[in-house]
Amino acid sequence: PQGDTTPTPQHTHHSHMAEILHVKRQRRQQQAKSGWVGVKVEVDEGLYARNLQLYDVPPVEDISLEEFESFAVDRLKLLRAVEVAKIRASGTRDENYRKQMQEAIKKFMPLTNSESRFHERRKDHVSHFILRLAYCRSEDLRRWFLAQETDLFRFRIEDPDTFRQFVKENNIQYTPISKDQRDSMAAELSTFLFNRRSIDEMTFFMVPFQEALELVKKRLVYLRGGMAYVPQAEMVSIVTGLFRARLSAELTATSKALPNIEEDDRLLPMLAALSKQQVANEFGMKKGDGLTVTAADIPRLAEESFPLCMRHTQDSLARDHHLKHVGRLQYGLFLKGIGLSLEEALMFWRTEFSKVMAVDKFDKQYAYNIRYNYGKEGKRTNYTPYSCMKIIQSNHPGPGENHGCPFRHFDADSLRTRLTSYKVAQADISEILGLVKDHHYQVACTRYFEITHKIPQAEFSLQHPNQYFEESRKIRTNGQSSTGAAGSSSSFSSPSASAAAGAASTAVKTEDTMGDGELDDEAILQAMEDSDNDF
């Protein structure tokens, strides 16, 4: 929309941000000269006098890395829930939409008038600006962040009392037309009122048409002389449009100021991981939790509980007794995450590969790679499984390759054939293909989960193949301790580990054949280490 690209005159946020960054740099230099160890900056409580705000004043305070991470993760989970709720709903006034939004806000970012309201408002404020830093880096990221934040703001402000208070506190003023003017325009004003309410009972506001583009598009306002005549009931859209326009301008300004930020190196990987939406449970092996998977369990678990990407890979491995290098990494880390021990992993891969090659060849060319993934070789890093977003953004599979996300990388016919082979009904396949066509790949996978597990609606936002597996085992085992559900910790996936583990899919793109020219996994591992050093 036109209003998204034009900053308002009173909001020169670029210079405001630059001034704040300059002050912070000066403060750090003075602290360094004076041997400063650490002094807590007092929080401006005036920022949090109310629940809702336009986020026009950035926070200037010290915050721990743990709090930084926690705030960012919760807000990103909330924005994802906002996205899923809108995709699933028939409209923003749908009762199911409202229920999902209320539950997500209550869980991740509540704003109440309880005794904890100061901390809730501070978390909402700070987390918004953290994600603004992470999502200002590209046009696609800005567009996604802008859409979700706008939908969240619209939902929060729809309550009439909240709306009136917000408009008053932020000095947002639009001119209502007089009774005489309304009466003289009654015929024109009634043309867009589909419910034909009496004009005498309504109040109209004059708004510049560029600030009411959404209502103009829906033909819900009357236009004359560059002004839109907006019923009071539709003013929520106007204020939401104002919020969207300001945020759009400030995201652009932040992207220009970002190169000047001299932040701690520990912060930059977090921002990079956030911008790739790599926030999920860190699925990895846990000692002593009693949850294990054996090589013999995998075919059964694949049919019962694997997401489509991993079930497809398992079927390909069972058919060809071989996977190319990116497929081995993606699938091997997934199996590690569901609880397959190193010993069982070596047995599993050796059993399959030895059907088409000598055991000695497997031990020489492939066993090291498996031990490396488990942190037993090389830099001894505990690599974590790939998230949905990492798989979706990976290179498109080439000939003979079986990695990637079927919802993202398969064409429609191939996806339909694959789903049909798994006995998914044609009506359900059409619904899934519709979601895929609109690029809602994770929602399509969630719908596949619901269909194959015979539940009306999943109670989670799918972000990770191992999350899919764990949720499936809960259902398959009626909530009992799930065989094969490895322990997971609710934390940030290590950015350096994620980057290094994924290097083969981004830095290595070589031929991998069954003949003598097959890529030695040592080359992949070296690329992984190089990528880890470069991150």
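Counting from 1, the numbers follow the sequence of the chain as shown. Atoms considered below: every heavy atom in the structure, side chains included; atoms not considered: hydrogens, waters and symmetry mates.
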For the [atom1] atom of [X] and the [atom2] atom of [Y], what is their distance to the nearest 0.5 Å?
X      : Y      : atom1 : atom2 : value
Tyr441 : Leu462 : OH    : CG    : 15.5 Å
Ser248 : Phe243 : OG    : CZ    : 11.0 Å
Lys423 : Thr452 : NZ    : OG1   : 13.5 Å
Ile429 : Leu433 : CD1   : CG    : 7.0 Å
Lys86  : Asp151 : NZ    : CG    : 3.5 Å
Gln148 : Glu83  : CD    : CD    : 4.5 Å

For the pair [X] and [Y], name the ring-plane relationship: parallel under 30°, tilted 30 to 60°, perpendicular over 60°.
X      : Y      : answer
Phe362 : Tyr366 : parallel
Phe145 : Tyr135 : parallel
Phe469 : Phe334 : perpendicular

Ring centroid separation [X] to [Y] under 6.0 Å:
X      : Y      : answer
Tyr383 : Tyr372 : yes
Tyr468 : His464 : no
Phe353 : His322 : yes

Does the pair [X]/[Y] count as a salt bridge with the N-to-O cut at 4.0 Å?
X      : Y      : answer
Asp124 : Arg121 : no
Lys474 : Glu471 : yes
Lys107 : Asp74  : no

Checklist line | Set of residues satisfying side chain to side chain donor-acceptor pair (under 3.5 Å) with respect to Gln426, sequence neighbours excluded | finding: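 Listed in chain order: Arg416, Thr420.
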Check: Can you list the residues that meet the ring-ring contact (aromatic ring centres under 6.0 Å, His included) rule with His453, with sequence neighbours excluded?
Finding: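 Partners of His453 under the ring-ring contact (aromatic ring centres under 6.0 Å, His included) test: Phe449.
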Next item on the list: Please list, chain by chain and in numerical order, all residues satisfying ring-ring contact (aromatic ring centres under 6.0 Å, His included) with Phe407, sequence neighbours excluded.
Entry: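 For Phe407, no residue satisfies ring-ring contact (aromatic ring centres under 6.0 Å, His included) once neighbours in sequence are set aside.
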Would you say the side-chain atoms of [X] and [Y] include a donor-acceptor pair closer than 3.5 Å?
X      : Y      : result
Thr254 : Arg132 : no
Lys376 : Asn382 : no
His403 : Gln330 : no

Listing, residues 342-350 side-chain donor-acceptor contacts under 3.5 Å, not counting sequence neighbours, or none:
unit_1 : atom_1 : unit_2 : atom_2 : d
Glu344 : OE1    : Ala295 : N      : 2.8
Arg350 : NE     : Asp363 : OD1    : 3.3
Arg350 : NH2    : Asp363 : OD1    : 3.3

Item checked: side-chain contact (heavy atoms from CB on, under 4.5 Å) between Ile105 and Leu111, worked out -> CA-CA 8 Å; Ile105 291 173; Leu111 288 176; 5.9 Å; no
Item checked: side-chain contact (heavy atoms from CB on, under 4.5 Å) partners for Asn96, two or more places apart ->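 side-chain contact (heavy atoms from CB on, under 4.5 Å) list for Asn96, sorted by chain: Asp94, Gln100, Gln457.
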Check: Can you list the residues that meet the salt bridge (Lys or Arg N to Asp or Glu O under 4.0 Å) rule with Arg371, with sequence neighbours excluded?
Finding: Glu377
